[in-house]
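Please read the structure below before turning to the comments.
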Amino acid sequence: MCGIVGYVGEKQAAPILLDGLSKLEYRGYDSAGIAVFDGENISMTKSRGRLKVLEELTHNGETMPGVLGIGHTRWATHGEPSDLNAHPHLNKAESIAVVHNGIIENYLKLKKKLVRKGYEFVSDTDTEVIAHLLDYYYEGNPLRAITKVMHRMEGSYALGIIFKDFPDELYAVRKDSPLIVGHTEGGCIIASDVPAVLKYTRDVYFIENEEIARMSRSTMEFFNVDEEPIEKESTHIDWDVDAAEKGGFEHFMLKEMYEQPKAIEDTFSPRIRGREIVIEELNMSDDEIRRIRKIMIVACGSAYHAGVTGKYVFEGMARIPVEVDLASEFRYRDPILEDGTLVIVISQSGETADSLAALRESHARGAKVLGIVNVVGSSIAREADNVMYTWAGPEIAVATTKAYSCQLIALYLLALKFSEARGEISDRELGEYIEDMKRIPDQVELLLNNKNKIQKFANRYLAARDVFFVGRGIDYAISLEGSLKLKEISYIHSEAYAAGELKHGTISLIEEGTLVAAVMTQEDLYKKMISNVVEVRTRGAFVLAVTNEGNDDVNKAADYVIYIPETNRFFTNSLAIIPLQLFGYYIAVGRGCDVDKPRNLAKSVTVE
Ligand code: AGP
């Protein structure tokens, strides 16, 4: 997720661009840049680092005069954060500048074609391909060049584009990534999101897929991909800036929960080619995959919980032995890493001190490390031998939701790739898993729309003292994450337990009215779980069950049941965790807690 802005009008563009970008830093902040037409040329300033660096470099825009410009604040997906990879990107003649939010999935293929035609690239980004492709198709008609490029690109994009030959025109183009345009006094503005324009206008036009906007200081026109003019209605925005940054949601955490369907899709779609799993960044041949004798997963917090799920998935699907360990334990226990061990370090931030230390410890013992990381160019991403990025976009809330969900997807993709390479699943089974995975975004959406029911239930437990989450197998992993989501933002004590372990001590804590959340998505374990539910209910517990649609037996055993849609037994965590995220969220909201910034916690624990 990145932030783009653009302006054309009577005022100086640079200060307006910088101001707009400052309202979009929650969309990305590892580098930033602006390009302004200064009357003769397109001048550009861009740099790695927060927006502040750019403001200092341009003296708050004073060094870049001009009334037409575009700007960008980046969340890297392709190409590490660097001055060269920062946007805007120009064609060689510096007569076209473009900023982009999204992922061009076929950029490598387009880049190869352009290189064969003599184009030279200076960055590692997918966006630079757009600048050169515009150059390739440009014959004096910007709209024509843009529509031709749109027909060639696959993936998602929100673009701001300026052409040196058309110093009074600003172009905005959209497919799948958000983009809005609006009038300001004496000009027009474009932005990825509402917060960047509210200072100038509350009446905006939402650009729909495959639409183009052409603006000048006094005109605003819309076209479809066939260059036919179209009419659009404006929308009046009545949010304040703070609500706008959260997309109208009360908290970033809820907004990011609702971004899960898209984040999940962004993470798997570039890696599913027909009925094949393609993970280029894995850099492992099928032979190397077959030589893996053990997987060691190391992480902290929710990333560790994703790793526990990974254990069940890799062992169940790929039949590879897996050990999962907390990074803070692993780094000091003189771990034994035999030949053929692949270490997987999972980290949203890529900066968690314990996880980074575990990576270095693994290297010191000669093991190969694969990182599953959300922040491009972070320390763990840079030091791992290979890195598989989750494409969740920036996660602002301290309590992770979308990044965790994307970590699960990354683990499923790896397990499918490993299973196929090791002959553990047939092509038919692989196809079925791929179809199941493609259904997850819509199923998550469905569960999120259940939020009022969860909120109503949560309001009954605002005063709870102890809440237990229990499950068996992969449901134990879900319980771990459900418990952490609740306790870290609501400050209610909670524990996750392997359901079969309750009777070995913890069940003594169950009293009249104690809430027990029983996760029951594994059909072969239903009966065992129902016995555990009966065990705790007879001791006074109130049981919330999370189970698969159609599992009606649970109705008789549990007090309150939440159903998840049908999927295969390995992917249930992606669905069952949704009601548990919502449960923790609404309890925290009901208790008046600071949901996005819980006490004592940091988004990235970069110290021991
Ligand atoms: C989870 O909601 C917390 N934010 C925390 O447990 C987090 O998952 C853990 O600190 C690991 O962070 P990382 O993924 O950035 O390494």
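Indexing begins at 1, ligand by ligand and atom by atom, following the structure's order.
In this structure H493 satisfies the side chain to side chain donor-acceptor pair (under 3.5 Å) test together with D466, E495, sequence neighbours excluded. E488 pairs by the salt bridge (Lys or Arg N to Asp or Glu O under 4.0 Å) definition with K485, not counting sequence neighbours. Legend: residues meeting salt bridge (Lys or Arg N to Asp or Glu O under 4.0 Å) with R382, ordered by chain and number and at least two apart, are absent.
Atom CZ of R465 has 12 or fewer neighbouring heavy atoms from other residues, nucleotides or ligands inside a 6.0 Å radius.
Note: F570 and Y312 fail the aromatic proximity criterion, with ring centroids not under 6.0 Å apart.
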Before you tell me yes or no, could you show the steps for R50 and E25 under salt bridge (charged side-chain N to carboxylate O under 4.0 Å, His left out), namely the whole-Å CA-CA distance, both residues' side-chain angles and the distance that decides it to 0.1 Å? CA-CA 8 Å; R50 302 292 298 235; E25 277 210 291; 3.4 Å; yes

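Sorted by chain then number, the residues whose non-hydrogen atoms approach ligand 1 to under 4.0 Å are C300, G301, S302, A303, S347, Q348, S349, T352, V398, A399, T400, L484, K485, E488.
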